[in-house]
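Start at 1 and go down the list; that is how both ligands and their atoms are numbered. Atom set for the values below is all heavy atoms of this structure, side chains included, hydrogens, waters and symmetry mates excluded. Residues take their numbers from the sequence shown, with the count starting at 1.
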Amino acid sequence: MGDLAGIRSRLPYLSWLGIDAIWLSPFFRSPMKDFGYDISDYRDVDPQFGTLEDFDRLVEEAHAAGIRVLVDLVPNHTSDQHPWFVEARSSRLSLKRDWYIWRDGTPDKPPNNWVGAFIGGPAWTWDEGTEQWYLHQFLPEQPDLDWSNPEVEAAMHDIMRFWMDRGVDGFRIDVVHGLGKDPELPDDPPEVAGMPHSLVNNHPSVHPILQRMRSMVDVYASHPVLIGEVHLLETSQVALYYGQNDELHLAFNFPPLFAPWDATAWKEQIVVADAHFKPRQAWPTWVLSNHDNPRHRTRYGSEERARAAAVLLLTLRGTPILYAGEELGLENAWVPPERVVDPGGRDGCRAPLPWDGTPTHGWGTSDPWLPWPPEADTRNVEAMRAEEGSILHLYRRLIRARRESAALTAGTQELLGAPEGVVAYSRRFGEDRRVVLINFTEEPVEVALPGAWMIEIASGGLEGRQFDGVVPASGAVLLKRGSET
Ligand code: GLC
C-alpha cells in the first residue's frame with residue numbers, strides 16, 4: 001500500500017520529473033473504512049504508513065529538493081472511532097454532543113431526504129443508544145462535524161497549526177463545500193433528490209468559515225496554500241470559494257474532468273472557467289485524474305489522446321494538478337470482484353504505480369493491496385525513463401517548458417479560431433508567446449497560423465522543427481514563434 005518512507009525514497013524521481021509540490025492523501029490514524037478519509041486521530045500517522053518522525057524526514061528531504069508538501073485536511077467529518085464522536089455518541093448530555101449533527105425522530109424516518117455518498121441510502125444513521133439520528137454525507141462511519149459550533153472550528157484550526165508548525169506548505173481541503181450547512185437542513189429539491197447530498201451542499205455560511213481559515217494560515221510566514229476540493233458541478237459556484245481573494249487560494253474545478261474528449265466541450269470549459277475565475281482574479285486549476293475517478297487514459301480510450309491531454313493540461317492558464325501515474329499513461333487496473341476494497345468503486349485508479357519491470361514492480365511484494373495496472377511489465381517508471389519517446393518524457397518536457405516560459409506559467413490566454421475538432425489558444429507574457437493546438441479528432445487537421453512557428457513540443461514526437469500547418473490525428477503541439485535555423 002506504500003508508506004511515507006517509500007514516498008521519501010522516490011523524491012529523486014519527482015525531482016527528475018520536475019514537479020513543484022506533492023499532495024499526500026490522508027496518512028493519519030484511521031480505521032480505513034474510506035481509506036484514510038475517516039480519521040480517528042488528526043495528529044498522528046497511521047502505523048501502516050509510518051511515524052511522525054517519518055513525516056518530518058519526508059518534509060525535510062522534500063524541501064531540500066525544492067518540493068513543497070501539502071497534506072489532506074478532512075474537516076467535514078471524522079471517523080466514528082474518533083474520540084470526539086465516541087464521546088458525542090455516549091450521551092445526549094455529552095459535552096461533545098453538539099460537535100456533530102443530531103436530529104430527533106423515529107427509527108423509520110430519517111430527518112430529511114439527503115442521500116449519503118457511496119451508500120445510495122439516507123445520509124443519516126439512527127443511534128440506538130441515544131435514540132437520535134446523526135448526519136453523514138458519506139459513510140455511516142464518517143459522521144459530519146457541525147461547523148456552526150465555534151469549538152469545532154477552533155479544534156480544526158489547532159490541527160492545521162499542528163501541521164503547519166511541522167513545516168507543511170498547505171492543505172488540500174476535503175469536501176470543503178460541505179462545511180456550511182443550511183441550519184434548517186431542508187430536503188434537497190426534487191431535481192437533485194437521489195444524488196448524494198455532498199454534490200449539492202453549498203451554503204453561504206461556508207464563506208466566513210473560509211475567511212477565518214485563510215486569516216489563520218496567512219499569519220504563517222511560509223504562506224501555506226489552501227486548495228479546496230469544491231466538488232460542485234458548476235464552475236460558477238466553484239469560483240465563489242475564492243472569495244475576494246480572502247478564502248481559498250485555489251479550488252479544484254471538476255466540470256472539465258467530467259467533460260468528454262471533445263473539442264466543443266473543452267472550448268466551453270475554457271470559456272466558462274475564464275468567465276467565472278477572471279473577474280474575481282481567481283487563479284484556475286486543471287485536473288484530469290485523481291483517486292476518485294477512472295484515470296483519464298481509460299476514459300479517453302488511447303495513449304495518443306492521453307498524450308494530447310497532457311499538452312492541454314500543462315499549457316492551460318492555471319495550476320495543473322497531476323495524479324501519480326498519469327505521467328506513465330496508466331490505465332485503470334482491472335479489479336476482480338473478490339479484490340474490491342473501496343465502498344465507492346474507485347479501486348481501479350488507485351492501483352500501485354509500477355516502478356520497474358520486476359514481479360514486485362519495486363514494491364517489495366508481488367501481492368499489493370490492489371492488482372497492478374495493465375502492462376506493468378513495460379509501462380513502469382524504469383522502462384519509460386529509459387525511452388525518450390515515452391509519455392513520461394513528454395510530461396517531463398512539458399513541465400520544463402512550462403517552467404521556462406513566462407507565457408505558460410503566468411501569461412494571458414486567448415482562444416483562437418480553429419477548424420472543427422481542434423482547440424487552439426495562445427499564451428502571452430510580454431514578448432514571450434506560445435500557441436497550443438489540440439486535435440481531438442482521429443484525422444490530421446490543417447490549421448492555418450500567420451507567421452512562422454517552431455514545434456517546441458509535440459504529443460507524438462517530431463519536435464524542434466518548423467510547424468507545417470498540420471496537427472496529427474489525436475495529437476497536440478506547443479508552438480513557439482520562430483523559424484528553423
Ligand atoms: C473526497 C475525497 C474522497 C473521499 C470523500 C470523503 O471526495 O476525495 O476520496 O472518499 O471526500 O472524505
Open item on the list: Please find the pair of heavy atoms, one from Q137 and one from N201, that lie closest to each other, and give the distance.
Closed with: OE1-CB, 3.8 Å
- [ ] Mind checking salt bridge (charged side-chain N to carboxylate O under 4.0 Å, His left out) for E375 and listing every partner two or more places apart, or none if nothing turns up?
- [x]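 By the salt bridge (charged side-chain N to carboxylate O under 4.0 Å, His left out) rule, E375 matches R379.
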- [ ] Give the numbers and elements of all ligand 1 atoms closer than 4.0 Å to a heavy atom of R346.
- [x]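 Ligand 1 atoms under the 4.0 Å threshold to R346: 3 (C), 4 (C), 9 (O), 10 (O).
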- [ ] Give the numbers and elements of all ligand 1 atoms closer than 4.0 Å to a heavy atom of F118.
- [x]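 Once the distances to F118 are compared, the set is 10 (O).
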Open item on the list: Just by distance, no angles: are the side chains of N380 and H361 close enough, under 3.5 Å, to form a donor-acceptor pair?
Closed with: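 There is no such pair between these side chains.
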Which heavy atom of the protein is the closest neighbour of [atom], given with residue, atom name and distance?
atom: atom 7 (O) of ligand 1; answer: E229 OE2, 2.8 Å
atom: atom 6 (C) of ligand 1; answer: D34 OD2, 3.4 Å
atom: atom 5 (C) of ligand 1; answer: F138 CE2, 3.7 Å

Open item on the list: If you take the nearest heavy atom of each of D174, D72, D292, which one is closest to atom 11 (O) of ligand 1?
Closed with: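 Checking each option, the heavy atom nearest atom 11 (O) of ligand 1 is found in D174.
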- [ ] Between R172 and ligand 1, find which residue part has any heavy-atom pair under 4.0 Å and reply side chain, backbone, both or neither.
- [x]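 The side chain, only.
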TODO: Mind checking whether R350 contacts ligand 1 via backbone (N, CA, C, O), side chain (CB onward), both or neither, at a 4.0 Å heavy-atom cut-off?
DONE: side chain
Which atom pairs, donor and acceptor, lie under 3.5 Å between side-chain atoms of residues 310-319 and protein residues at least two apart or in another chain?
from, atom 1, to, atom 2, distance (Å)
T315, OG1, V311, O, 2.6
T315, OG1, Y425, OH, 2.7
T319, OG1, W283, NE1, 2.9

Open item on the list: Keeping N76 on the side-chain end and V175 on the backbone end, is there a donor-acceptor pair under 3.5 Å?
Closed with: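 It does not hold such a pair.
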- [ ] Look only at the side chain of D347 and the backbone of V340, and say whether a donor-acceptor pair between them is shorter than 3.5 Å.
- [x] no
TODO: Look at ligand 1 and say whether F35 reaches it with a heavy atom at a distance under 4.0 Å.
DONE: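 Contact check F35 vs ligand 1: negative.
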TODO: Please verify whether a non-hydrogen atom of H77 lies at under 4.0 Å from ligand 1.
DONE: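 Yes, that is the case, since the closest heavy atom of the residue is under 4.0 Å from the ligand.
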TODO: Hey, can you tell me if Y300 and W261 have their rings parallel, tilted or perpendicular (30° and 60° cut-offs)?
DONE: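 Ring orientation of Y300 relative to W261: tilted.
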